[in-house]
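Note sheet for the following structure.
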Amino acid sequence: MDWLTLMIVVVVLSSAIAVLLLKDFLAALAAFSVVSLGMSVLFVIVRAPDVAMTEAAIGAGLSSLLFALALRRLGLWRTRK
Amino acid sequence: MSIIGDILLVIGCAFIALGSLGLVRMPDVYNRLQAGTKAATLGTIAVLLGIGFHHPDWWAKLLVIAGFVLFTNPVGSSTIARAAYKVGIRPRPLAGKYEADS
Amino acid sequence: MTLSVLQMIALALLVLGIGLSCLRLLLGPTTPDRVVAADTLAVITTAGLAGLASVFDNPIYLDVALVYGTLAFAGTVAIARALEGDSK
Amino acid sequence: MEDSLDTPPVSLSHHVFVFGILLLLWVLLTGSLDVQELVAGTVVSLAVTLLFGSRFTILTGFRFSWLAPIYVLTYLGNFFIALLRANLDLAGRVLSPSLPINPALVEIRTSLKSPLGRLLLANTITLTPGTLTIDVEDDRLLVHWVYYPPGTDLQQATEQISASFERRLSRFLI
């Protein structure tokens, strides 16, 4: 099980760095949802289903939904070519 | 029973891996969506079916998850495809011509 | 919590799928490419969470998979609608 | 979403249908047929149906008949066979070194009227071999083909894709 944890940590770290480096807000938002996905799997691996469920609900669902609505309201959704 | 469940798990995960390979190899958004959506849907359903063979008393919740994935995954991919179409991305002309592209 | 050989193969294939999708998330030239990769990763993770529930032999983890599948769909649709912009 | 589609008026049988689906979902989620669970589920489903049933118009396209369950089951069987074929086809394309794709965008028309029918048709097209629904606008569907065979009549081939599933869907949907 150790290498599975290692793999998930690599996924989380690389997408977190991608969030920092991406110029486009919506692409960064997609990478951010992957970060919370990996965190949720990590919480399941350390046997904390309640925390994992909260992380899945808040991180993957609500925060990306709220960020997307806010970006759309602010007019920052335009993708750069 | 357990062996059948394991075989279904391997089949589902193989489809998922093939879909992700298609996600990397395909040249533009629409083809990537095709590879990702189809493979992930069937792979997830096969994995859930395999888990159902391992734990037969979980079938109700597994059925709910499978039905939900089957119903929402194509909707999500269609939404992304429509967004890509409206942003202005067109399929890369590899060969042939495009019709009804208005 | 010992896995049989077939289960180890399945887990390796699943991890390979996660790695390849994550590669597309990091490489993807345009924003829709990254959103596609995030969507595919969400579905793969739903399957993986159900598999972890089977490994841990506890049906409470299935609820995590259900909640995750539901809300990841909502997040994907929200991102795609925002990407579409207000071009009505 | 805009509700420009012409939805039929909401009737009593629609409410009963929504109630049945909610109760079925409750039973599947709790996973027990205990009397207390059933009573609680009935109360909650009844409350939700009375409060939101008239706004829950996505299910209004269903056509009730005694043969409808059989039609749904045959549709699902054919759908799973098509899904399996789609994945095998895709696996062949992905694994071959030359990546044989030839994408095209085509527009097809549907005769299904209800939102649920169009939604299910679009989902089916997305999951059947080589096609992906991009957009649904009234009765036209914009479809992306991963391999458009050169030299075939586009309209005829398109008809072949959607016609069989459309026929199966129109047996139990408007």
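Each chain gets a letter, A, B and so on, in the order its sequence line appears, and its residues count up from 1.
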Of the listed A60(B), G67(B), A83(B), the one with the largest count of heavy-atom pairs under 4.5 Å with chain D is A60(B)
For chain D, the option from T37(B), I80(B), V75(B) that forms the most heavy-atom pairs under 4.5 Å: V75(B)
Chain B contact via [X] - side chain, backbone, both or neither, heavy atoms under 4.5 Å:
{"X": "L84(D)", "answer": "both"}
{"X": "L95(D)", "answer": "both"}
{"X": "T30(D)", "answer": "neither"}
{"X": "T131(D)", "answer": "backbone"}

When you compare the side chain of V94(D) with that of M26(B), does any pair of heavy atoms fall below 4.5 Å?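 Result yes, sub-4.5 Å side-chain heavy-atom pair found.
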Any idea which of D135(D), L99(D), N87(D), L88(D) has the most non-hydrogen atom pairs under 4.5 angstrom with chain B?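 Looking at each option in turn, the highest pair count goes to N87(D).
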Could you state the interatomic distance from [atom1] ([X]) to [atom2] ([Y]), rounded to the nearest 0.5 Å?
{"X": "L90(D)", "Y": "L18(B)", "atom1": "CG", "atom2": "CG", "value": "8.0 Å"}
{"X": "N73(B)", "Y": "T126(D)", "atom1": "CG", "atom2": "OG1", "value": "9.5 Å"}
{"X": "L142(D)", "Y": "R82(B)", "atom1": "CG", "atom2": "CZ", "value": "11.0 Å"}
{"X": "R93(D)", "Y": "N31(B)", "atom1": "CZ", "atom2": "CG", "value": "10.0 Å"}
{"X": "L132(D)", "Y": "Y30(B)", "atom1": "CG", "atom2": "OH", "value": "9.0 Å"}
{"X": "L28(D)", "Y": "K61(B)", "atom1": "CG", "atom2": "NZ", "value": "10.5 Å"}

Side chain / backbone / both / neither for L21(B) at chain D, heavy atoms under 4.5 Å: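 Both backbone and side chain of L21(B) come within 4.5 Å of chain D.
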With a 4.5 angstrom heavy-atom cut-off, is it the side chain or the backbone of W58(B) that approaches chain D, or both, or neither? neither
Quick check: does any side chain N or O of T133(D) sit under 3.5 Å from a backbone N or O of S78(B), one acting as donor and the other as acceptor?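 Answer holds: no.
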Say whether, by atom type as modelled, one donor and one acceptor occur between the side chain of N123(D) and the main chain of F71(B) under 3.5 angstrom.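 Yes: the side chain of N123(D) pairs with the backbone of F71(B).
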For R25(B) against P97(D), the heavy-atom pair lying closest together: NH2-O, 3.0 Å
